[in-house]
Amino acid sequence: MMASDTALVIVDLQNDYFPGGRFPLVGVEQAAANAARLLAAARAAGRPVIHVRHEMPAGNPPFFAPGSAGAAIHASVRDEGGEPVITKNRTNAFRDTDLKAILDAQGLKGIVLAGAMSHMCIDAAARAATDLGYAVTVVHDACATRDLDFNGVTVPAAQVHAAFMAALAFAYATVVTTDDHLASP
């Protein structure tokens, strides 16, 4: 479990990323199930929990349209009991949001990240948090991504995820499984 000066931050586990949504991810249901385990443990221990949700700018966005059902936090990890919900419009959960102010107001020194997408918002939040001086843990099996295309090559989601987790583990975060995180003191 996480230290008392650490918050669980669940990033962008929103309906559009799930089957039937506008931008489904590979493995998102298993990642959300693991994030739900982290959430239940944090709540049971009285640890801080912060939810982050993305809304695309107005117009006709491909997903996470403001006010849409797809932009809502998935039921498996929905906020409750006054847990803060940060709405962001950019990849980095710290940019132009109150996330840092919320962490600092509670005297928090670290974050545990779960959510989506591994190669975008999880990566950006982990790097920004480290740059801001927070200790960062990424629970890799509570994160999901999708296949990417580059220069005519399709990179499978598992490889995208592994590459980004390896990069974060190299210099930005402690990267662990849900089971290992829940078993830690």
Side-chain angles (χ1 to χ4, degrees), residues 1-14 17 27-28 30-54 73-74 76-145 160-185:
M1 197 52 218
M2 55 195 196
S4 60
D5 65 351
T6 301
L8 173 62
V9 179
I10 300 177
V11 178
D12 299 355
L13 284 179
Q14 295 164 248
Y17 280 158
V28 71
Q30 184 59 50
N34 284 330
R37 291 174 56 209
L38 297 169
L39 181 57
R43 286 173 174 161
R47 304 282 192 227
V49 175
I50 301 169
H51 302 266
V52 177
R53 56 182 293 280
H54 197 134
I73 295 173
H74 191 264
S76 64
V77 292
R78 192 166 290 137
D79 56 294
E80 65 179 41
E83 294 164 347
V85 178
I86 306 273
T87 300
K88 65 184 177 76
N89 302 117
R90 300 183 181 269
T91 305
N92 178 353
F94 286 91
R95 186 167 174 196
D96 302 326
T97 73
D98 293 333
L99 181 54
K100 184 179 184 321
I102 290 169
L103 294 169
D104 291 350
Q106 295 181 50
L108 301 172
K109 305 294 183 204
I111 63 171
V112 174
L113 286 170
M117 292 186 284
S118 306
H119 72 283
M120 292 296 294
C121 298
I122 296 300
D123 180 68
R127 291 170 186 260
T130 298
D131 288 347
L132 291 168
Y134 299 103
V136 179
T137 298
V138 176
V139 183
H140 72 83
D141 60 356
C143 298
T145 193
V160 172
H161 181 78
F164 275 82
M165 294 301 112
L168 290 175
F170 183 78
Y172 285 95
T174 300
V175 179
V176 299
T177 66
T178 300
D179 288 342
D180 286 346
H181 182 70
L182 293 175
S184 67

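Distance check: Asp98 CG to Asp104 CG gives 11.5 Å after rounding to the nearest 0.5 Å.
Looking at Gln14, its side chain never comes within 3.5 Å of a backbone N or O of Arg53 through a donor-acceptor pair. Judged by distance alone, the side chain of Asn34 and the main-chain N or O of Asp141 form a donor-acceptor pair under 3.5 Å. Remark: side-chain polar atoms of Ser76 are not paired, donor with acceptor, to backbone N or O of Ala36 under 3.5 angstrom.
Residues Ala126 and Val138 come closest through the heavy atom pair CB-CG2, 4.2 Å.
Taking 4.5 Å as the limit, some side-chain heavy atom of Tyr17 sits within range of a side-chain heavy atom of Asp12. Contact check for Leu38 versus Leu182: side-chain heavy atoms found under the 4.5 Å cut-off. Within the 4.5 Å cutoff, no side-chain heavy atoms of Val175 are placed close to those of Phe164. For the pair Thr130 and Leu168, the minimum side-chain heavy-atom distance is 4.5 Å or more. For the pair His140/Thr177, a side-chain contact is recorded, criterion being any heavy-atom separation below 4.5 Å from C-beta on.
Remark: Thr97 engages Ile86, Lys88, Leu99 in a side-chain contact (heavy atoms from CB on, under 4.5 Å) (not counting sequence neighbours). Taking Arg95 as the reference, nothing meets the salt bridge (Lys or Arg N to Asp or Glu O under 4.0 Å) condition, with sequence neighbours excluded.
Between the side chains of Asp5 and Tyr134, no donor-acceptor pair of N or O atoms lies under 3.5 Å.
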For residues 105-118, which side-chain donor-acceptor pairs fall under 3.5 Å, sequence neighbours excluded?
residue: Ser118; atom: OG; partner: Ala144; partner atom: O; Å: 3.3
residue: Ser118; atom: OG; partner: His161; partner atom: ND1; Å: 2.7

